[in-house]
Structures are given as structure tokens and as C-alpha cells.
S.K.: 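Got a structure for you, written out below as C-alpha cells; questions coming shortly.
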Amino acid sequence: MYNINKDLANIFYKMAAIYEFLDDNFRARAYQRAAHVIEDLPDDIRNYIQGGKIQRFRGIGESIYAKIKEYIETGKISKYEELKKKVPEDFIELIDLPGIGPKSLKKIYEELGIKTKEELIKALEDGRVEKLEGFGPKKVQNMLKALKMYEISKRRMLLWHALELSDYLVSQLKKLKEVKKVEVAGSIRRRKITIGDIDILVVAEDKDRKKIMDYFVKLPEVKEVLGKGLKKTSVIIKTSNGRERQVDLRIFKNEEWGAALQYFTGSKQHNVHLREIAKEKGLKINEYGVFKVDTGEKIAGETEEGVYKSVGMDFIPPELREDRGEIEAALEHRLPKLVELKDIKGDMHIHSTWSDGFNSIEDIAKFVKEHYKYEYIVITDHSKSQRVAHGLDEKRILEEIEEIKKLNQLLGFDFIKIGSEVDILLDGSLDFPDEILAKLDWVVASIHSHFNRDNTDRILKAMENPYVNVIGHPTGRLIGVREGYPVDLEAVIKKAKETGTALEINSQPLRMDIDDIWVKKAVEEGVKLVISTDSHNLGSFEYMKAGVAIARRGWATKKDILNTRSWKEVQKFINEKRKRMGGILIGA
DNA sequence: GCCGTTTTCGGCCCGACTGTTTTCAGTCG
């Protein structure tokens, strides 16, 4: 079933923009919040509204529920159709554009009758806008710049690339002895899958502020300085691959550090919710600390833990701060203990030169043993249908098994496990017969063809096979390149639970598949997950960090992640499925 | 628009900066 959540959320975001334009800010906020809630639902919204029975969500009340129902039944929302007539079509998009606000747009629309983006640019350039009351040359310049930057900023950066860039900037700032503390905040710290701007926070003495800001704007990668002060400086950085990113640097006092970090890590929804609760308790939270409203006394701010504690909450890990229930859980002291990078005991999806990897199995094993504290790795080269990836046929995978046996003898123990990333064929059967699969330590089954059809049936059938242990990159999406193939992940999760099959969190920067929303759903359903790098070269083993981050964003604990287990424990998982689905047990 | 064991009406996060003003509105994060 095609998931309508995204379409519905988009409509509500647009309605919010229109209400902003109409100066009805509270309504706008209500629609924004509803859109956010719907976007975060793993299941199709129709599943929550069955037979007139409505599941309650915070932020969706009677009126918005009625509109959701109307959309489900008719494919339209009449209120939206009505609202659209009040705003020029181009403007709905422009209202969300950073640098131009709804008030300015409204004035330009009302006084000059401007209705399209092209007309707006023309009126800005020929001086008509400048003559309006409240406008001036600077404002006009900034609006033009905002329009120009729009196309650039619209493309968000992949988490991995943002991490590389922000790590570099942090390392440069650490070179100054005046920088006492430095941390990346914002969506990078929350490990969102894609990143807009980069926020960096620093602790320093007041007298050193100028020196730090001067140093920052002189970094060779800085292409343009958007604003420079002693508290905040904004620049445009040009990355090595030619992309442009806005980076904000802010300096705080040590006693403000926790409050600043909390505030600038966001998310916005999380912060708003947190402050509402603080307010109920007679407290005020800003980026400098937590204060009692009546006396103005500061009661927290030096550490993030202190900020949360002051309102009666446990510390909330940054990856959870999306207002998806973490605030309630923190108040009730029932936040999960999230999985950590150090819990990972092995990588279970790796390609070698036997198929399309760049390194020999021997080089991979030596490299991983030297750089990671893993207990095992699983080599999972492609199967024969993947001709372009030099997939292995039956004869060659038997040879690969022998090769790995020899290498393990050299290493002195069974560090290398033999697996396969076996193709799921069009009819849901697998690219290897069961006799071969039964000889393998671990089987990843993936879809690499027919992306346009609904592939739920293929995946469900593959999971019925007793030797398939995990479904690789379950949606097949490439972020910003192609959408995933149509697949009913709800049914996949159900079948995974039923058959004892795991689902992969593929850590490749472009994949991040499955994502945090579905991880959370899988965790709730008790389905096990595997965090894998799908490495094709030695540098890719680092992607495990990103995979763990996605797992954490999905509320996963150590027990939800299979590759936090010893190999003996993994084998138990394998045998449980083989037993249940009628396969040959390990060692039998 | 949503929400509520103090409220079903009257609230709805908070501060900095910018550009335009001469005390403030608009915008951002």
C-alpha cells in the first residue's frame, strides 16, 4: 500500500505557511506540529484510523483529524483548496525561504501586486521594493541573496559528509589554546540522516572572543562572511567537492555551556516542548541557563544533565531529541539505554575482490583486526545474478569457503565467517540453492533488480527460507538519488518477527537503510537488527559509527542489535530460525 | 489550530540580531 503520510504532511506544512502569511501564527504552529507528527509515523496513517476508531496523538485534535479523514476519503482537503486561493502559488514556497519572512512577502504582495518569483526578483532589482515603508537597500540585497542561496541550501548534505566537514572544523578550532571547549551542535549532533547548516559552539574567555572569530573567518575554506560579532559569526564554507554550506560559530562562557549545548542541539520541537514543561514548573530555559521565573535565580546551565535534571528529567541523548516521546519517557525515568559503538562485536556485510570489493579477504581481515576490536567479520560477496558486480556462482563460492578456511588457519582462529549477499530473484526465490546456503555462516538476502514494482512479495518469500538471516538494505533507497522501491515495511517487519529473520541497518552514507523511524518500529515489534557497513573498501568500516547513530535514533538498545552478540550467540539466532523454518541445524 | 487535576477559555518558548527606525518590527535558530 502506498504510504500517504508524506503527501498529507506536505499539505499541512503548506497550510502552515499560508497561515503564517495570513498572520495567524498559532494556527500555523498547530499545522506544523501536526505535519511533524504525521511525518514521523512509521505506518500509513490510514492504519491508525480504523472503523471510525481514532488513535490519539498529541498535536492532532478534532479539526485536523477531520481533515485527515477527508483526505483519505476524497484525496483532497477543502480547507486547503480554499486557503490556496488567498496566496499566490509561488509564495507558498517562498514563505519558508530563509531570509524572507511572511510579513515582508505580504507587504510586497499587497502594495505592489507581485504574484510570482520572477516578478519578485524584478521588483527587488528595479527599486520598487526598496521604496516601500520599512524596506531599504540592505534588506533588498539580503532578500535577493536569499533567493539566490535558495537553490544551494535546498540540497541537504549527507550525514557522513557533514560529520567529515564538522570534524575538520573542530580540529582547526582546537588548535587555538584560547578555545577551552568545542562541540558540534544542531542536527549533526542529533545525527539526522541529512544536514542543513552546521552549528559549532565554543567556550572561551571574553577577552579571547575576537581572536577566535578572526581566526575562524580566515580559515582557507571560508568563501564568504555573512555576519561577524563577538557572540556569533556566520560564514559560507566551500567544501572540497564544491558544495557550499553555512557554518555558525558561537562563543559562550563556561557556566552557560550546558544550556547552550542543549539549546543549539535542538530539535526545535524538542526545545519548545521542554520549555513548555519548564514553564509549568515556574522555570524559564534559555541558552544561558535555567532560571526561576519569580526570583530570577539561576538553578542550572553549566551541564546539559543539569538542565534536564532541573525540570525533573533524565538526560536525553541527542539522537532522541525529536519530540517523539522522549520527553515523556525522561520525565518517567524510562528512557532506553541506547546501543553504543563500543558494543559492536563484528561487521556482517563486507565485499572482497571475490566480487566487487577493492581488497582481498586477507587484507580486510588484517586491517579490521588491527583497527577494530571486533570478534568476527562476515565476508558477503554477491551471488551470480549480479554480473556487473562479478557475483559468484556455486563453484566459486565453494572455492571462497576453502580460501577462508585457510586464512583462518593462518590467523589462528575463526575470525572470518563466510557469508553471501544473495540476490532475491523476481519470483522471490534465491540466487543459490539451499544446499549452498546451508553451508554458509550467514546469509544476507537483498533486492538489486526490478525497482519499479512493489517488492513486498519477493522479500516476504525470501524470509520464508530457513537460511536467510537478514534482509539487506530493505528499501533500496539512495538518499537524494532515487526513492526506495515500493515495499510494505509493516508487512516485512511482521514477517521478520514470525520467521526469526533480522533486518539490516545499512550504514552506507547514501543508504541509511532502514532509517530511524523504521528502526523504532522494528524495536517496538521485537524484531532484531544488524548494523552493517556493506564495505567495499577499507575506509568504509568507519561507517559503522553512522549506522549505530541511526540505531540510537530509533531507540535501539544493545539487545536489539545482533552484532553486539558473540558469534556463539549469533549462531543461536541462526539455529532458532533454521529449526522453526525446517532447515538443517549448524553442526548437524 | 491544540491543550488542560489550578483552566473548556485563553493561553501558546525565548533571546539576538538586523535594518529600519528614533523605539521597534521582522526574522532566525
Side-chain angles (χ1 to χ4, degrees), chain A residues 12-13 15-37 56-68 77 79-80 83 94-108 129-143 145-146 149 153 185-187 190 196-201 226-234 246-252 256 259-291 293 311 323 327:
Chain A
F12 286 157
Y13 277 128
M15 289 177 79
I18 295 170
Y19 277 123
E20 265 189 71
F21 187 81
L22 299 174
D23 207 16
D24 191 347
N25 293 317
F26 294 120
R27 244 188 206 87
R29 195 183 134 184
Y31 275 102
Q32 252 164 20
R33 184 192 246 175
H36 180 240
V37 168
R56 295 279 301 139
F57 293 104
R58 191 173 170 276
I60 297 182
E62 215 175 313
S63 170
I64 289 187
Y65 253 120
K67 291 182 176 67
I68 294 170
I77 295 174
K79 185 78 191 175
Y80 175 50
L83 281 171
L94 293 175
I95 292 165
D96 284 332
L97 202 150
I100 304 177
K103 300 289 186 308
S104 307
L105 273 179
K106 194 176 182 189
K107 185 142 194 169
I108 291 169
V129 174
E130 197 180 319
K131 289 196 191 96
L132 294 176
E133 196 195 338
F135 287 78
K138 280 272 181 109
K139 201 162 179 171
V140 166
Q141 279 312 307
N142 284 341
M143 289 179 78
K145 204 150 119 189
M149 279 296 291
S153 63
S187 50
R190 301 200 313 276
D197 299 339
I198 295 177
D199 298 294
I200 301 177
L201 309 185
L226 298 173
K228 182 165 171 279
L230 291 177
K231 289 194 165 192
K232 178 192 168 184
T233 290
S234 297
Q246 183 172 335
V247 182
D248 295 343
L249 179 69
R250 290 182 167 83
I251 302 179
F252 288 90
E256 301 162 347
L261 205 50
Q262 195 291 315
Y263 182 77
F264 285 106
T265 297
S267 66
K268 190 174 175 177
Q269 289 92 340
H270 173 90
N271 284 356
V272 168
H273 195 172
L274 179 69
R275 285 168 189 218
E276 278 169 2
I277 285 170
K279 198 167 180 172
E280 285 165 22
K281 299 185 186 231
L283 300 170
K284 184 183 75 171
I285 302 180
N286 60 29
E287 57 261 56
Y288 305 108
V290 184
F291 304 86
V293 172
V311 287
D323 199 17
I327 287 183

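What's counted below: heavy atoms across the whole structure, side chains too, no hydrogens, waters or symmetry copies. Naming: A, B, ... by sequence-line order, numbering from 1 per chain. Predicted model only: the values in this text are computed from it and were never measured.
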S.K.: Can you tell me, in whole Å, how much space there is between the C1' of dC3(B) and that of dT8(B)?
M.R.: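 So the two C1' atoms sit 10 Å from each other.
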S.K.: From CD of Glu20(A) over to P of dG26(B), roughly how many Å is that when rounded to an integer?
M.R.: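 Atom CD in Glu20(A) sits about 13 Å away from atom P in dG26(B).
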S.K.: Between atom NZ in Lys279(A) and atom P in dG4(B), what is the gap in whole Å?
M.R.: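 Atom NZ in Lys279(A) sits about 16 Å away from atom P in dG4(B).
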S.K.: Nearest heavy atom decides the nucleotide; on that basis, is Leu230(A) or Gly136(A) closer to the 5' end of DNA chain B?
M.R.: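 The residue mapped nearer the 5' terminus is Leu230(A).
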S.K.: Would you indicate which nucleotide in dA16(B), dG1(B), dC14(B) comes nearest to any side-chain atom of Lys231(A)?
M.R.: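 Looking only at heavy atoms from C-beta outward on Lys231(A), the closest nucleotide is dA16(B).
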S.K.: Rounded off to whole Å, could you give me the CD-to-P distance for the Glu276(A) and dT7(B) pair?
M.R.: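 Computing the Glu276(A):CD to dT7(B):P distance gives 19 Å.
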S.K.: Nearest-Å distance, NZ (Lys268(A)) to P (dC12(B))?
M.R.: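 Rounding to the nearest Å, NZ of Lys268(A) and P of dC12(B) are 16 Å apart.
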S.K.: Under the criterion of centre distance below 5.5 Å and interplanar angle below 30°, is Phe26(A) classified as stacked on the base of dC2(B)?
M.R.: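 Phe26(A) vs dC2(B): stacking no.
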S.K.: Taking CZ from Phe135(A) and C1' from dA25(B), how many angstroms apart are they, rounded to a whole number?
M.R.: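 In whole Å, dA25(B) C1' and Phe135(A) CZ are 11 Å from each other.
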S.K.: With rounding to whole Å, what would you report as the distance between dC9(B) and dG15(B) at their P atoms?
M.R.: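 31 Å, rounded to whole Å.
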S.K.: Expressed in whole Å, how much space separates the P atoms belonging to dG1(B) and dT5(B)?
M.R.: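 To the nearest whole Å, 24 Å.
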S.K.: Taking CD from Glu130(A) and P from dT21(B), how many angstroms apart are they, rounded to a whole number?
M.R.: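 The answer, rounded to whole Å, is 11 Å.
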S.K.: Using whole Å, what does the distance between atom C1' of nucleotide dC14(B) and atom CD of Glu256(A) come to?
M.R.: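 Rounding to the nearest Å, CD of Glu256(A) and C1' of dC14(B) are 15 Å apart.
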S.K.: Ignoring hydrogens and angles, tell me if any N or O in the side chain of Asn271(A) forms a donor-acceptor pair with the backbone of Leu274(A) under 3.5 Å.
M.R.: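 Judged by distance alone, no pair lies under 3.5 Å.
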S.K.: What's the shortest heavy-atom distance between Tyr288(A) and Ala259(A), and which atoms?
M.R.: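 Reported closest heavy-atom pair: C-CB, 3.6 Å.
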S.K.: Would you measure the distance from the P atom in dG10(B) across to the matching atom in dA16(B) and give it in whole Å?
M.R.: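 32 Å, rounded to whole Å.
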S.K.: So, are Asp199(A) and Arg250(A) salt-bridged, with charged N and O less than 4.0 Å apart?
M.R.: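 Salt bridge flag = yes for Arg250(A) with Asp199(A).
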S.K.: I need the NE2-C1' distance between His273(A) and dC12(B), as an integer number of Å.
M.R.: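 Rounded to the whole Å, the gap is 13 Å.
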S.K.: Just call it for Glu133(A): base, sugar-phosphate, or nothing, with non-hydrogen atoms closer than 4.0 Å on any strand.
M.R.: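 Nothing, no nucleic acid heavy atom in range.
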S.K.: Mind checking whether Tyr31(A) and Tyr19(A) have parallel, tilted or perpendicular rings, split at 30° and 60°?
M.R.: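 Plane angle under 30°, so parallel.
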S.K.: Please classify the nucleic acid contact of Lys232(A) as base, sugar-phosphate, or nothing, using heavy-atom distances under 4.0 Å.
M.R.: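 Nothing: the residue Lys232(A), judged by heavy atoms under 4.0 Å, touches no strand.
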S.K.: At under 4.0 Å, does any side-chain N or O of Arg27(A) touch on OP1 or OP2 of dG1(B)?
M.R.: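 Yes.
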S.K.: Choosing from dG1(B), dG19(B), dT27(B), which nucleotide comes nearest the side chain of Pro102(A)?
M.R.: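 It is dT27(B).
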S.K.: Can you find a side chain N or O atom of Arg29(A) that sits less than 4.0 Å from OP1 or OP2 on dC13(B)?
M.R.: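 Yes, such a contact exists.
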S.K.: Here's a test of your reading of the structure: between Ile285(A) and Tyr263(A), which maps to the more 5' nucleotide of DNA chain B?
M.R.: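 First, find each residue's nearest nucleotide; the 5'-ward one identifies Ile285(A).
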S.K.: State whether Lys103(A) and Asp23(A) are salt-bridged, where the test is any N-O pair (Lys NZ or Arg NE/NH1/NH2 against Asp/Glu carboxylate O) under 4.0 Å.
M.R.: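 A salt bridge links Lys103(A) with Asp23(A).
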S.K.: Choosing from dG1(B), dA16(B), dC13(B), which nucleotide comes nearest the side chain of Ile64(A)?
M.R.: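 Taking heavy atoms from C-beta onward, the closest nucleotide is dG1(B).
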S.K.: Can you tell me how far C1' in dT21(B) sits from the matching atom in dC14(B), rounded to whole Å?
M.R.: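 To the nearest whole Å, 24 Å.
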S.K.: Between dG29(B), dG26(B), dC2(B), spot the one nearest the side chain of Phe264(A), thanks.
M.R.: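 Among dG29(B), dG26(B), dC2(B), the one nearest the side chain of Phe264(A) is dG29(B).
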S.K.: On the side chain of Tyr288(A), is there an atom forming a donor-acceptor pair with the base of dG15(B) - under 3.5 Å, no angle test?
M.R.: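 Answer no: no donor N or O sits under 3.5 Å from an acceptor.
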S.K.: If you look at every strand shown and take non-hydrogen atoms under 4.0 Å, does Lys107(A) touch a base, only sugar-phosphate, or nothing?
M.R.: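 Nothing: the residue Lys107(A), judged by heavy atoms under 4.0 Å, touches no strand.
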S.K.: Between dT7(B) and dC2(B), how far is it from one C1' atom to the other, in whole Å?
M.R.: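 To the nearest whole Å, 14 Å.
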S.K.: According to the Watson-Crick and G-U wobble definitions, with both distances under 3.5 Å, which nucleotide is paired to dT18(B)?
M.R.: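 Pairing partner: dA25(B).
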S.K.: Work out how far the C1' atom of dC13(B) is from that of dT27(B), and round it to whole angstrom.
M.R.: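 The answer is 16 Å between these two C1' atoms.
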S.K.: Could you walk me through whether His273(A) and Arg33(A) pass side chain to side chain donor-acceptor pair (under 3.5 Å), step by step?
M.R.: CA-CA 11 Å; His273(A) 195 172; Arg33(A) 184 192 246 175; 5.9 Å; no
S.K.: Are the side chain of Ser267(A) and the backbone N or O of His270(A) linked by a donor-acceptor pair below 3.5 Å?
M.R.: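 Looks like yes, one N/O pair under 3.5 Å.
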S.K.: I'd like the P distance from dC12(B) over to dT18(B), given in whole Å.
M.R.: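 Approximately 28 Å lies between the P atom of dT18(B) and that of dC12(B).
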S.K.: Is Glu276(A) paired with Arg29(A) through a side-chain N to carboxylate O contact shorter than 4.0 Å?
M.R.: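 Looking at Arg29(A) and Glu276(A), the cut-off is met.
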S.K.: Asp199(A) side chain: which of dG26(B), dC14(B), dG29(B) is closest?
M.R.: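 Nearest listed nucleotide: dG29(B).
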S.K.: For a quick check of understanding: with a heavy-atom distance under 4.0 Å over all strands, which category does Asn271(A) fall into, base, sugar-phosphate or nothing?
M.R.: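 Here Asn271(A) touches no strand at all.
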S.K.: Choosing from dC14(B), dG29(B), dG26(B), which nucleotide comes nearest the side chain of Asp197(A)?
M.R.: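 Closest of the options to the side chain of Asp197(A): dG29(B).
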S.K.: I want to verify a distance call: between dC3(B), dC14(B), dG1(B), whose nearest atom is closest to the Lys67(A) side chain?
M.R.: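 Shortest atom-to-atom distance from the side chain points to dG1(B).
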